[in-house]
Trainee: 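Have a look at the structure that comes next, please.
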Amino acid sequence: MPAPITLFGATSPSGQALIALAAGRELVVAGRRPPLPPASGGSGGGEAPPFLRCDLEDTGAGAEVPAGLLVSFAPIWSFAPWLERFAGRDPARFGRLQGVIACSSSSVITKRFAANRFDRDLVRRLRQAEESLSRTCAAHARPLRILAPTLIYGQAGPLGDRNLSRLRQLLRRLPLLPLPGEGGLRQPIHCRQLAAVALHLADRLAEDGFDPSQPVHLPLGGDDTLSYAAMLRRLQDATDRGDRARRCRLLALPPRLFLSLASPLLLLSPKRFEAVLRMGADLAGFTPAHHLLGGSPEPFPVLPLVP
Ligand SMILES: NC(=O)c1ccc[n+]([C@@H]2O[C@H](COP(=O)([O-])OP(=O)(O)OC[C@H]3O[C@@H](n4cnc5c(N)ncnc54)[C@H](OP(=O)(O)O)[C@@H]3O)[C@@H](O)[C@H]2O)c1
């Protein structure tokens, strides 16, 4: 009998995907909003899981979290202090948890040397939250894995990503999209793959218990590593025949020319300019999902995508 799960961040695409994958097992959704109605048909169908109202930012009495596993796709900087408060308030109940899986971000690695303050602050918040989670769980000898996924995309039930889907919208609007050559490498992970890894590791934690020799932090990506331009071409190929996204021409410019053309952005928004700079950076080399899940690698893009 698999351990029961309390899921935070159920209203994210990965949360929705986990609910579908965990169909038939004991699962409670904890959050600010009740779970969305399950998608009709397919693996997302069925009854909505029970709901426990819990705002992670609320420093009041706190929710009565059931025993078992905690899985979180909520912002780690909200989840970590909440977990610390939970452990302090009810150490006996906390000590009965079979494991904690929390989602951080690969930005903690890839934006470490960012020149703009916004990204540096993000890295600091992620790192502080990761350290706090590790301290809390180690102090009570509770097993923990922190997933640090790169670019999450895809659709699960009624929810979809807001990054690659926006790029696809851009392809639909523009006749031509200039790029810095082929761009740097990317390793996007589908929300269903991330959910499957979280579920798999959660069950491993429940079986293996606390083992301080195991690495806590797991940078994670999809099974395909491809250039920025190849990622866009595959997105175009994955659209219907008549889709306008197919018609957008990807124009590979010499990277220096591309950056000179983008340079006015530096005055308007250093954060956006750095995002443009990152198009040429390799944000890949993370553990591919299939290494953890077993089975064959899934080529990009894994379906479904946001329509
Ligand atoms: N998107 C990416 O490409 C990306 C990349 C790397 C890492 N990540 C990380 O992966 C996870 C999922 O990302 P996402 O972009 O798919 O998430 P998202 O759509 O922004 O969803 C965030 C989830 O956290 C919940 N949440 C936020 N604040 C909360 C609070 N105070 N109390 C309770 N629940 C709260 C939200 O619930 P409500 O319904 O109440 O708002 C929602 O379910 C996050 O931890 C994110 O940091 C994302």
Side-chain angles (χ1 to χ4, degrees), residues 6-19 27-37 48-49 51-60 62-63 65 70-86 100-112 119 121-130 132-133 145-168 186-198 201 217-222 231 275 278 283-284 286-287 289 300-302 305-306:
T6 303
L7 174 65
F8 291 86
T11 52
S12 67
S14 310
Q16 288 291 294
L18 191 137
I19 292 174
L27 182 142
V28 171
V29 161
R32 298 179 293 191
R33 290 188 286 160
L36 301 169
F51 177 59
L52 183 69
R53 193 165 296 281
C54 175
D55 182 346
L56 294 168
E57 300 287 348
D58 183 357
T59 51
V65 172
L70 292 189
V71 177
S72 171
F73 297 114
I76 191 171
W77 48 79
S78 301
F79 181 66
W82 175 86
L83 199 74
E84 194 180 349
R85 289 195 298 276
F86 170 23
V100 178
I101 303 278
C103 199
S104 178
S105 167
S106 66
S107 296
V108 78
I109 304 164
T110 57
K111 293 185 178 165
R112 203 159 29 136
D119 285 341
D121 282 351
L122 171 72
V123 170
R124 184 181 44 75
R125 292 172 82 196
L126 287 170
R127 190 177 301 141
Q128 283 175 353
E130 291 185 355
S132 154
L133 272 185
R145 290 292 175 274
I146 296 173
L147 306 182
T150 183
L151 199 61
I152 306 169
Y153 72 96
Q155 173 101 9
L159 293 183
D161 73 76
R162 290 183 300 270
N163 41 50
L164 289 197
S165 63
R166 286 189 179 159
L167 264 178
R168 202 148 77 145
R186 293 294 181 274
Q187 198 185 345
I189 179 165
H190 193 276
C191 53
R192 199 244 307 134
Q193 291 177 299
L194 175 59
V197 169
L201 292 180
H217 197 260
L218 183 65
L220 187 66
M231 180 176 80
R278 262 200 307 277
L283 309 183
F286 311 113
T287 304
F300 175 83
V302 173
L305 298 175
V306 177

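Indexing begins at 1, ligand by ligand and atom by atom, following the structure's order. All values below come from the heavy atoms of this structure, side chains included, with hydrogens, waters and symmetry mates left out.
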Trainee: At what distance is the nearest protein heavy atom to atom 20 (O) of ligand 1, and which residue and atom is it?
Mentor: Arg162 NH2, 3.4 Å
Trainee: I'd like to check which ligand 1 atoms, numbered from 1 as shown, lie under 4.0 Å from a non-hydrogen atom of Pro75.
Mentor: 24 (O), 26 (N), 27 (C), 28 (N)
Trainee: Report the C-alpha distance between Tyr153 and Val306 in whole Å, list the side-chain angles of each, state the deciding distance to 0.1 Å, and finish with yes or no for side chain to side chain contact (heavy atoms under 4.5 Å, CB included).
Mentor: CA-CA 8 Å; Tyr153 72 96; Val306 177; over 6 Å; no
Trainee: Would you check the N or O atoms of Thr150, main chain and side chain alike, for any that come under 3.5 Å of an N or O of ligand 1?
Mentor: no
Trainee: Does Cys54 have a heavy atom less than 4.0 Å from any atom of ligand 1?
Mentor: yes
Trainee: Would you check whether Pro13 reaches within less than 4.0 Å of ligand 1, judged by its heavy atoms?
Mentor: yes
Trainee: Has Glu84 got a side-chain atom pairing as donor or acceptor with Ser132's backbone, closer than 3.5 angstrom?
Mentor: no
Trainee: For ligand 1, find out whether one of its N or O atoms is nearer than 3.5 Å to an N or O atom of Arg32.
Mentor: yes
Trainee: Specify side chain, backbone, both or neither for Ser72, according to which of its non-hydrogen atoms lie closer than 4.0 Å to ligand 1.
Mentor: neither
Trainee: Name the closest protein heavy atom to atom 47 (O) of ligand 1, giving the residue it belongs to and the distance to 0.1 Å.
Mentor: Ser104 O, 4.3 Å
Trainee: Which residue owns the protein heavy atom closest to atom 32 (N) of ligand 1, what's the atom, and how far is it?
Mentor: Leu56 N, 2.9 Å
Trainee: May I ask you to identify, for Asn163, whether its side chain, its backbone, both or neither come under 4.0 Å of ligand 1 on a heavy-atom basis?
Mentor: side chain
Trainee: Considering only heavy atoms of Glu57, which atoms of ligand 1 have at least one such atom less than 4.0 Å away?
Mentor: 31 (N)
Trainee: Please write down residue, atom name and distance for the protein heavy atom closest to atom 10 (O) of ligand 1.
Mentor: Cys103 SG, 3.2 Å
Trainee: What is the nearest protein non-hydrogen atom to atom 6 (C) of ligand 1, stated with its residue, atom name and distance?
Mentor: Pro149 O, 3.1 Å
Trainee: Below 3.5 Å, N or O to N or O, backbone or side chain included: is there any such pair between Thr11 and ligand 1?
Mentor: yes
Trainee: Mind checking whether Leu122 and Arg125 have side chains closer than 4.5 Å, heavy atoms only?
Mentor: no
Trainee: With heavy-atom distances below 4.5 Å as the criterion, would you say the side chains of Thr11 and Arg32 are in contact?
Mentor: no
Trainee: Polar-atom distance check: Ile152 versus ligand 1, any N or O pair below 3.5 Å?
Mentor: yes
Trainee: Is any side-chain heavy atom of Ile152 closer than 4.5 Å to a side-chain heavy atom of Ser12?
Mentor: no
Trainee: Considering only protein heavy atoms, which is closest to atom 17 (O) of ligand 1, and at what distance to one decimal place?
Mentor: Ser12 CB, 3.6 Å
Trainee: A side-chain contact here means heavy atoms from C-beta on lying under 4.5 Å apart; do Leu83 and Leu70 qualify?
Mentor: yes
Trainee: How about Ile76 and Leu133: do any of their side-chain heavy atoms sit closer than 4.5 Å?
Mentor: yes
Trainee: Taking both backbone and side-chain atoms of Ala74, is any N or O found less than 3.5 Å from an N or O belonging to ligand 1?
Mentor: yes
Trainee: Between Val65 and Trp82, does the side chain to side chain contact (heavy atoms under 4.5 Å, CB included) criterion hold? Intermediate values first, please.
Mentor: CA-CA 12 Å; Val65 172; Trp82 175 86; 3.6 Å; yes
Trainee: Would you check if Phe8 and Leu52 make a side-chain contact, meaning some heavy-atom pair closer than 4.5 Å?
Mentor: no
Trainee: Which pair of heavy atoms, one from Leu305 and one from Val302, lies closest together, and at what distance?
Mentor: CD2-O, 3.7 Å
Trainee: Any idea which protein heavy atom is nearest atom 31 (N) of ligand 1, and the distance to it?
Mentor: Asp55 OD1, 2.9 Å
Trainee: Give me the one residue out of Val29, Leu194, Ile101, Leu27 that meets side chain to side chain contact (heavy atoms under 4.5 Å, CB included) with Leu18.
Mentor: Leu27
Trainee: How far is atom 44 (C) of ligand 1 from its nearest protein heavy atom, and which residue and atom name does that atom have?
Mentor: Phe73 O, 3.3 Å
Trainee: Between ligand 1 and Ile76, is the shortest N or O to N or O distance under 3.5 Å?
Mentor: no
Trainee: Any non-hydrogen side-chain atom of Leu167 less than 4.5 Å from a side-chain atom of Met231?
Mentor: yes
Trainee: Any nitrogen or oxygen of Arg33, main chain or side chain, under 3.5 Å from a nitrogen or oxygen of ligand 1?
Mentor: yes
Trainee: Any heavy-atom pair between the side chains of Leu201 and Leu147 that's under 4.5 Å?
Mentor: yes
